[in-house]
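Data block below; observations after.
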Amino acid sequence: MNLLAAATAATSPGRLVPFDLLYADGVRAYLARDWARAAELLQRALHSYAGLRAARRACRTACARQEPFPGGPGRWEAALLGPVLQRAGCLQRCLGRRLRPAPSAHRASCAVRRDFERREPYNYLQVAFFQLKKLDQAVSAAHTFFIANPQHLQMREDIEKYRRMSGVKSDSFQDLEAAPHWEAYETGVQHYDADEYLQAVAWLEESLSEALSALEECRALCEGPWEDEDEEEKMQPGLYEAIAAHYIQVLKCRQQCVLEIATKPGRISATEDFIPSHLDLLQFAYNQVGNQTLAAECAASYLLFYPTDEAMLEKMKQYRTELGEDTAVTARQVVTAPGLSFLVLPVPQDRVTVRETKRERCPLPFEGIAVTMDSQQMNGTQRVVFDRVLTESECKDLLRLTKAAGEAGDGYRARRSPHTPHERFEGLTVLKAMQVKCICESAAFLIASEKSRKIIESYFTPGKKLHFSFTHLVCRRAVDGEQEGRMDLSHPVHADNCLLDPEGQECWKEPPAYVYRDYSGILYLNDDFQGGGLFFTEMDTVTVTAEVRPKCGRLVAFSSGKENPHGVWAVSRGRRCAIALWYTHSREHAEQVKGYVEETNTSTSK
Ligand SMILES: O=C(O)CCC(=O)C(=O)O
Ligand SMILES: [Fe+3]
């Protein structure tokens with residue numbers, strides 16, 4: 001068929017031009033730099049894709065109501081196949097009524113479907129809108145694409161560029177495909193973390209109900225049609241094999257839905273226990289706002305998922321005492337509905353023990369930690385030094401990690417320092433650390449950085465979430481025999497989120513500076529080296545205002561802006577290791593690996 005003709009022909013209401021045809025035309029117009037036409041066709045493609053999904057959802061729901069499958073046994077063929085055929089007929093008729101042209105015209109190739117799942121059309125759209133000078137639409141298309149593709153460097157740059165443009169409204173950074181349950185969930189958790197339980201309850205309830213309906217929709221779409229590339233088998237299976245094979249596919253797909261709704265766009269892994277964690281958070285929040293009845297209901301619902309969870313059983317006991325033993329406490333209907341047991345993902349056997357030990361054995365983040373120097377003692381603003389953040393043995397674990405990573409030889413190579421020829425620089429990111437086989441040492445890295453994050457957040461910005469933006473374990477090693485008469489620094493004076501211009505007494509907040517960094521932290525691991533002190537200066541970069549001598553467990557933290565120019569004295573002997581941590585308030589700039597760790601910890605954070 002002539003694609004162009006197909007795309008342009010049918011514009012009468014009710015007709016849905018197949019999205020793959022519109023998409024092909026849109027991309028063609030894009031390549032021909034016909035921006036107006038590209039923008040129009042791509043938007044129509046997205047619209048058609050959404051319309052098709054909506055029709056399928058509606059038909060599945062309608063047919064499930066009209067043609068319920070019988071529960072009981074009978075003559076099994078008639079009992080099973082009769083209703084199956086009726087359901088199929090119902091779906092066909094329903095979709096036939098809703099879709100023009102016929103449903104079979106709306107089957108796109110696997111590659112196109114994948115593009116839509118990855119929000120690829122928005123990538124083209126943003127360029128087209130940009131060329132058309134429709135900035136706000138370009139920004140929302142860019143943002144929508146970036147949410148699902150956070151690893152896309154070009155788009156990251158484009159978004160930075162948009163942020164700097166004066167004509168762009170900040171509310172244009174909108175996710176046009178946002179899943180309502182994710183938005184509600186994140187807002188809910190934010191309020192929860194800020195101890196605002198009334199708001200937390202409202203948002204988490206909304207998120208739970210949205211998540212359950214998203215799940216239902218996803219499961220409805222599982223019933224077909226079976227769109228698999230290799231469906232053109234050489235040999236047609238027999239009737240029962242075909243039915244069985246398709247049915248297994250449907251079951252797999254439904255199981256997949258649980259993961260799908262629990263996976264944030266752009267993330268690879270699902271948030272563990274997404275649905276049960278709602279109930280856990282809600283139970284805590286309801287209790288905080290004095291509604292023990294609802295708290296107990298949530299606890300009872302949670303126990304349906306994890307009947308032996310001791311902490312929750314304990315809470316349940318407490319609620320029963322508070323409410324009076326004869327008050328009936330029942331789990332929520334929606335969660336007890338038959339067939340919802342699939343909501344629980346397969347979990348490791350020792351789940352309960354893991355949670356319990358985590359709650360009981362791990363010290364509170366602030367226990368034993370001391371503030372050694374504050375801003376005033378450091379002659380500046382937003383600066384602080386904490387001590388005893390790590391124990392000697394934790395420092396040893398982390399130093400061992402640098403060794404193990406060195407031996408693995410991957411991603412952790414000593415190289416010349418980017419700042420001085422007299423030192424070598426060894427760096428290790430979280431991602432690399434997780435690939436090293438020493439699980440305990442890698443865990444120590446994650447635990448140490450999360451602990452620092454909590455300390456810094458609660459010290460500087462209580463109630464306002466700080467996200468990891470970048471985390472790095474860095475060692476600086478003096479090069480033997482090249483230290484005589486050294487005049488340079490290990491790290492020249494700089495600010496962490498802007499470009500210092502000592503002459504103009506200015507600090508330019510623009511790339512290549514990491515402008516979105518809000519707070520910096522450096523957690524030191526050792527002191528058996530010479531030199532290597534951290535120092536702060538005035539904006540002139542030469543007047544030293546404060547100095548910090550590294551040692552195991554010492555954490556220095558400061559705001560990343562022009563108020564905190566800093567540098568590192570030359571390391572003239574030995575090796576100086578530290579975890580450098582940067583944080584941001586901006587969720588878009590949150591580090592992916594850490595984000596995942598943060599999220600999976602949410603349910604155990606209270
Ligand atoms: O290691 C230190 O003490 C400071 C490092 C630093 O300022 C940086 O990497 O931006
Ligand atoms: Fe720095």
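We count ligands from 1, going down the list as the structure has it; atoms in each ligand are counted the same way. Keep in mind it's a predicted model, so treat the numbers as computed, not measured. All residue numbers in this chain count up from 1 along the given sequence.
Side chain to side chain, Ser560 and Ser520 meet the donor-acceptor criterion of an N or O pair below 3.5 Å. In this model, a donor atom of one side chain and an acceptor atom of the other lie less than 3.5 Å apart for Glu423 and Ser490. Judged purely by distance below 3.5 Å, without hydrogens or angles, the side chains of Asn564 and Arg383 pair a donor atom with an acceptor atom. Side-chain polar atoms of Trp569 and Glu547 form a donor-acceptor pair below 3.5 angstrom.
Close contacts between ligand 1 and Arg476 involve ligand atoms 1 (O), 5 (C) [criterion: under 4.0 Å to a heavy atom]. Close approach of ligand 1 to Trp582 (heavy-atom distance below 4.0 Å) involves ligand atoms 8 (C), 9 (O), 10 (O). Numbered from 1 in the order shown, with element, the atoms of ligand 1 that lie under 4.0 Å from a heavy atom of Ile522 read 1 (O), 2 (C), 3 (O), 4 (C). Residue Val568 has at least one heavy-atom neighbour below 4.0 Å for each of these atoms of ligand 1: 2 (C), 3 (O), 4 (C). Close approach of ligand 1 to Tyr524 (heavy-atom distance below 4.0 Å) involves ligand atoms 2 (C), 3 (O).
The nearest protein atom to atom 8 (C) of ligand 1, hydrogens excluded, is given as His491 CE1, 3.4 Å; this is a heavy-atom distance. Closest to atom 1 (O) of ligand 1, if we only count protein heavy atoms, is Arg576 NH1, 2.8 Å. For atom 7 (O) of ligand 1, the nearest protein heavy atom (residue, atom name, distance) is His566 NE2, 2.9 Å.
By the 4.0 Å N-to-carboxylate-O rule, Glu117 lies too far from Arg114 to be salt-bridged with it. Taking a cutoff of 4.0 Å between a charged side-chain nitrogen and a carboxylate oxygen, Asp496 and Arg517 do not qualify as a salt bridge.
Taking the six-membered ring where tryptophan is involved, the planes of Tyr185 and His278 are tilted, since the angle between them lies from 30° to 60°. Aromatic ring orientation, Phe536 versus His566: tilted (interplanar angle from 30° to 60°).
Residue contact annotation: His494 places an N/O/S atom under 2.8 Å from the Fe ion (ligand 2).
Atom OD1 is the N, O or S atom of Asp496 at the shortest distance from the Fe ion (ligand 2).
Not close to ligand 1: His472, with no non-hydrogen atom less than 4.0 angstrom away.
Polar contact with ligand 1: present for His494 (N/O pair, distance under 3.5 Å).
In this structure, Arg549 contributes its side chain and Gly531 its backbone to a donor-acceptor pair below 3.5 Å.
Using a 4.0 Å cut-off between heavy atoms, Asp496 contacts ligand 1 through its side chain alone, with no backbone atom that close.
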